[in-house]
Amino acid sequence: MQRGGGDWPALWFAQDAAARLVVARDLTVLAANRHAVELIEATGLINLRDGALATRDRRSWGDLTTIVGEARAKPHFGVVGSGGGALLVDALALGDTPESPVALLLRDLRVSVEIECADLESMFGVTPGEHQVIVQLVKGYSSGEIAQEFGKSILTVRTHVKRAYGKIGVKTRGQLFAKLLPYLSIR
C-alpha cells in the first residue's frame with residue numbers, strides 16, 4: 001500500500017510504541033514493528049524461527065495457537081506464558097474469513113502498565129471505593145494486595161468486589177476485564 005511515495009503500514013509500524021505484529025493463521029509473521037521484535041527477544045516467551053512464531057514450551061504454543069485461531073473481527077485477548085513471565089496478547093482478525101491474517105498486540109505482563117478507567121460510578125453506579133478496587137483488580141492485583149495498598153481490611157475489599165461485580169453484571173475477573181475493556185485506556 002503505497003501513497004504519495006510512502007509505505008503507510010511501514011510508517012505506522014515504525015512510529016508506534018506498542019509491540020505489534022501481523023501473522024497468518026499458521027503463525028507466519030507477515031509484518032512486525034521493531035518493538036515487537038525487541039519484546040520477543042527480551043522475554044524469550046515467543047521466538048521468531050524461520051519467519052514464524054514459536055514458543056519455548058507446549059503449553060505456551062497451545063495458548064498462542066488458540067488465541068490466533070479464535071481471532072475474529074472483534075478484538076479478544078489471551079495470555080501466553082506464566083510464572084516467570086507472561087505476555088498479554090490482543091488479537092484481531094483482519095478479515096471475515098477463517099484464513100484472514102491476524103493483528104497481534106503484545107504486552108509484557110512483568111512490566112507495570114498504566115490503566116485509566118472511565119467513570120464507572122456514572123456508568124454502572126459503583127461507589128468511589130468500589131471503583132478504586134475494580135481498577136486495581138484489572139491491573140492484576142489480588143484482594144490481599146489491594147487491602148494492604150489502601151490500608152483496608154480484606155473483608156472490605158472483598159465486599160467492594162462482590163458489590164461492584166453485581167452492579168457491573170459479572171461473576172469473574174475475566175468477565176470483568178471483558179466488560180470493562182471499552183472503558184479502559186491501557187498504556
Side-chain angles (χ1 to χ4, degrees), residues 12 15-22 33 35-36 39 43 45 59-60 62-96 98 100 102-187:
W12 178 75
Q15 297 300 314
D16 198 341
R20 298 185 186 270
L21 298 135
V22 177
N33 67 5
H35 302 291
L39 180 62
T43 64
L45 296 168
R59 181 175 181 205
S60 295
D63 293 341
L64 183 60
T65 56
T66 299
I67 293 165
V68 171
E70 293 178 352
R72 301 290 180 263
K74 184 177 177 183
H76 78 281
F77 69 94
V79 176
V80 174
S82 62
L87 292 174
L88 179 67
V89 181
D90 290 320
L92 173 68
L94 298 176
D96 296 330
S100 298
V102 177
L104 300 178
L105 173 64
L106 307 176
R107 292 188 179 101
D108 185 351
L109 291 177
R110 296 175 301 173
V111 177
S112 66
V113 294
E114 186 65 31
I115 297 178
E116 294 179 9
C117 193
D119 184 11
L120 299 179
E121 296 162 35
S122 63
M123 300 282 190
F124 298 103
V126 299
T127 67
E130 292 165 350
H131 184 169
Q132 184 180 48
V133 168
I134 290 301
V135 169
Q136 296 305 311
L137 284 175
V138 170
K139 288 182 178 181
Y141 294 103
S142 70
S143 295
E145 291 169 327
I146 296 167
Q148 188 175 25
E149 170 87 19
F150 295 108
K152 297 180 180 182
S153 76
I154 188 78
L155 294 175
T156 300
V157 171
R158 288 181 180 158
T159 300
H160 284 327
V161 171
K162 182 178 178 181
R163 289 183 180 164
Y165 275 21
K167 292 175 183 178
I168 296 170
V170 299
K171 294 182 180 178
T172 67
R173 191 182 296 218
Q175 290 174 345
L176 175 71
F177 194 84
K179 184 106 177 213
L180 294 184
L181 199 55
Y183 305 102
L184 299 176
S185 171
I186 302 172
R187 293 180 272 140

About how many Å separate [atom2] of [Y] and [atom1] of [X], when rounded to the nearest 0.5 Å?
X	Y	atom1	atom2	answer
Ser143	Leu155	OG	CG	10.5 Å
His35	Leu105	NE2	CG	11.5 Å
Leu88	Asp108	CG	CG	10.5 Å
Leu92	His76	CG	NE2	9.5 Å

Hey, does [Y] have a side-chain heavy atom less than 4.5 Å from the side chain of [X]?
X	Y	answer
Tyr165	Leu176	yes
Asp90	Leu104	no
Tyr141	Glu149	no
Lys152	Arg158	no
Leu64	Leu87	no
Gln136	Glu145	no
Arg173	Leu137	yes
Leu21	Leu106	yes

Heavy-atom closest contact ([X] atom, [Y] atom, distance):
X	Y	result
Lys167	Phe124	CB-O, 3.7 Å
Ile168	Lys179	O-NZ, 3.0 Å
Ala86	Val79	CB-CG1, 3.7 Å
Arg20	Ala36	O-CB, 3.4 Å
Ala164	Glu130	CB-CB, 4.0 Å
Leu39	Arg107	CD2-N, 4.3 Å

So, Gln148 side chain and Gly144 main chain: donor-acceptor pair closer than 3.5 Å or not? no
Please check: side-chain N/O of Glu70 versus main-chain N/O of Ile67, any donor-acceptor pairing under 3.5 Å? no
Hydrogens and angles aside, do Thr156 and Thr159 bring a side-chain donor and acceptor to less than 3.5 Å of each other? no
Derivation of the side chain to side chain contact (heavy atoms under 4.5 Å, CB included) call for Val102 and Leu94: CA-CA 6 Å; Val102 177; Leu94 298 176; over 6 Å; no
